[in-house]
> 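Okay, handing you the structure first.
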Protein chains: 2
Amino acid sequence: MGPDSSQDAQTVSQLGEFGLIGRVTSGRVQSPGTVLGPGDDAAVLAAPDGRVVATTDVLVEQVHFRLDWSTPHQVGRKAVAVNLSDIAAMGAVPTGLLVGLGCAPDLPAKVADELLDGMWEEAQQLGIGIIGGDMVSASSLTISVTALGDLQGREPVTRAGARPGDVVAVAGRLGWSAAGLAVLGRGFRSPVAVVGAHRVPEPPYAAGPQAALAGATSMVDTSDGLLADLGHIAAASQVGIDVRTEQVEVPQRLTEVASALGADARHWVLTGGEDQALAATFPAGQPLPEGWREIGVVAEGEGVTVDGAQYEGPIGWEHWR
Amino acid sequence: MGPDSSQDAQTVSQLGEFGLIGRVTSGRVQSPGTVLGPGDDAAVLAAPDGRVVATTDVLVEQVHFRLDWSTPHQVGRKAVAVNLSDIAAMGAVPTGLLVGLGCAPDLPAKVADELLDGMWEEAQQLGIGIIGGDMVSASSLTISVTALGDLQGREPVTRAGARPGDVVAVAGRLGWSAAGLAVLGRGFRSPVAVVGAHRVPEPPYAAGPQAALAGATSMVDTSDGLLADLGHIAAASQVGIDVRTEQVEVPQRLTEVASALGADARHWVLTGGEDQALAATFPAGQPLPEGWREIGVVAEGEGVTVDGAQYEGPIGWEHWR
């Protein structure tokens, strides 16, 4: 956005609500599907499928992110990524974002600018933009993102369609964000590979629609951790899921980090949240789409087991508990 | 929702994220257009027009509402109303809501229940529901609502279409919320008519689509105050707008309240925000739709004048200023 140095010293209070809104959108390129972008009472977005997919996630400073661990740009990317990942998990492609930003009046405008830059960067990877939003005073930096998406004629892939005999597969990284969080929690800033994975997830966006095209019977994004999110599929589908650890890759890099910290890399892979990998079930006996790897099976029953047994230890994250 | 008395004593922390999410949706009736409601990675909503209208507003405790002035139920209704009003201001009808709720772990579950009850009540007036959301820990009670809507084949009515010669008209109440706020600010709780108007606006939802059908050339909701929001139309349309005070009704009730408080009722009508009335411009020489009343004219020029002169005093509300 290139604010000059006098603007760098500004706070959002000095910039004002309308000044900040101008900086959200100034010079940005909206997607071809944006009928009406920011600046009116509401935005208008093409919904060619005749149905719209919609999801909201809220991130709060000190709860979901720390500005001493991540730059505002990284936080912006993550806030968008966690929402776009939910769109992918339905088998849809994203079409636009709305952003509600709450911040203290004395927040440097530069921080808000970088946050919004990060949001735009992540969005534009997928050819979409921020089509609307709201900016308000709040004691904590609070970022509410709503993502909209299009099913392109496909049926949504819900959590409820897994059937006994299906195979369970994942796409994307698992355990990297948990490893990065463990490193940051010990006061380290490296290895960059895992710390970076915690700061900005890399959801396998394309794998969602590809899974839908390949006939995935259920899908979820692993925001809470693999076992916890497979538990959502098991509950919604009224089936049991068994994860076969011989099929679950534990990357060498995570093993090294775990070893240095006295932690368990496999635990990160099975239970670590925030990598925004996708987990899905597919009919057995057919090739998985590119980027998907088999990790288990669906059976009659309920709940999630690991190698046929209950997993020892906490398996996920729940707010307020 | 009928939680029993043992639940009344619970906090959201004791209830847990998934328990609270269950209470958002349990026993609720979704609209026929809801393809997939809450409980999956994202919701899916019919978008019969092939375009979707979308808007977000965030409300923060102590900034936008006070729980010693309004009940949680009233706050919930207002949080939804301000968003649905934005959908109406595009000439659209609402189709669904997503809600991001941030609250402290020790918030009584009863408060969250009442808040969500209020949201549902306002939504169901228009036949829609909460189709998705997110619940997170936050230091202040923060409510982020995204409303989606459908244009039913009409073109969106933006802020940018007013033309010299058009008439300016409003639908809905003006000044009532400001009067209520003034009363509350002096420590009073009555008259109920104005205090209630501040607590829960009554946007003229149907007047938005009706204005679109009648050929409105521009429209805005008066969340910031009549003159400020007409200023948005004037700026976007590159025209001037003159409000004729002889046409602007100042309700007797507001005059009485203003007299008791030593305030100016006309100022409330012209500049008070949060009534969520609609203001629009229409081609001259044709009857206005039901519920709309003429208050001024569009001319060449810029900005908003009152009886041909600049208005004395502050005309609106801007965050952080």
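Chain identifiers are assigned alphabetically (A, B, ...) following the order of the sequence lines, protein sequences preceding nucleic acid strands; residue numbering begins at 1 within each chain.
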> Could you tell me which non-hydrogen atom of A160(A) sits nearest to which non-hydrogen atom of S237(A), and how far apart they are?
C-OG, 3.1 Å

> Answer whether the closest heavy-atom distance between the side chains of L141(A) and L107(A) falls below 4.5 Å.
yes

> For each of T158(A), V52(A), V44(A), tally heavy-atom pairs with chain B at distances under 4.5 Å, and name the one with the top tally.
V52(A)

> If you tally heavy-atom pairs under 4.5 Å against chain B, which of A236(A), G132(A), A54(A), A89(A) wins?
A54(A)

> Let me know which of T56(A), V220(A), D57(A) forms a side chain to side chain contact (heavy atoms under 4.5 Å, CB included) with D86(A).
D57(A)

> Given T222(A), which partner from the list T271(A), L230(A), D229(A), L278(A) fulfils the side chain to side chain contact (heavy atoms under 4.5 Å, CB included) test?
D229(A)

> Heavy-atom distances under 4.5 Å only: say whether L59(B) touches chain A with side chain, backbone, both or neither.
neither

> Per the side chain to side chain donor-acceptor pair (under 3.5 Å) rule, what does the pair list look like for residues 89-98 of chain A, sequence neighbours excluded?
none

> For each of D106(B), L98(B), L36(B), tally heavy-atom pairs with chain A at distances under 4.5 Å, and name the one with the top tally.
L98(B)

> Against chain B, work out which of V35(A), D150(A), V60(A) has the most heavy-atom pairs shorter than 4.5 Å and name it.
V60(A)

> Give, as side chain, backbone, both or neither, the part of L45(A) having an atom under 4.5 angstrom from any heavy atom of chain B.
both

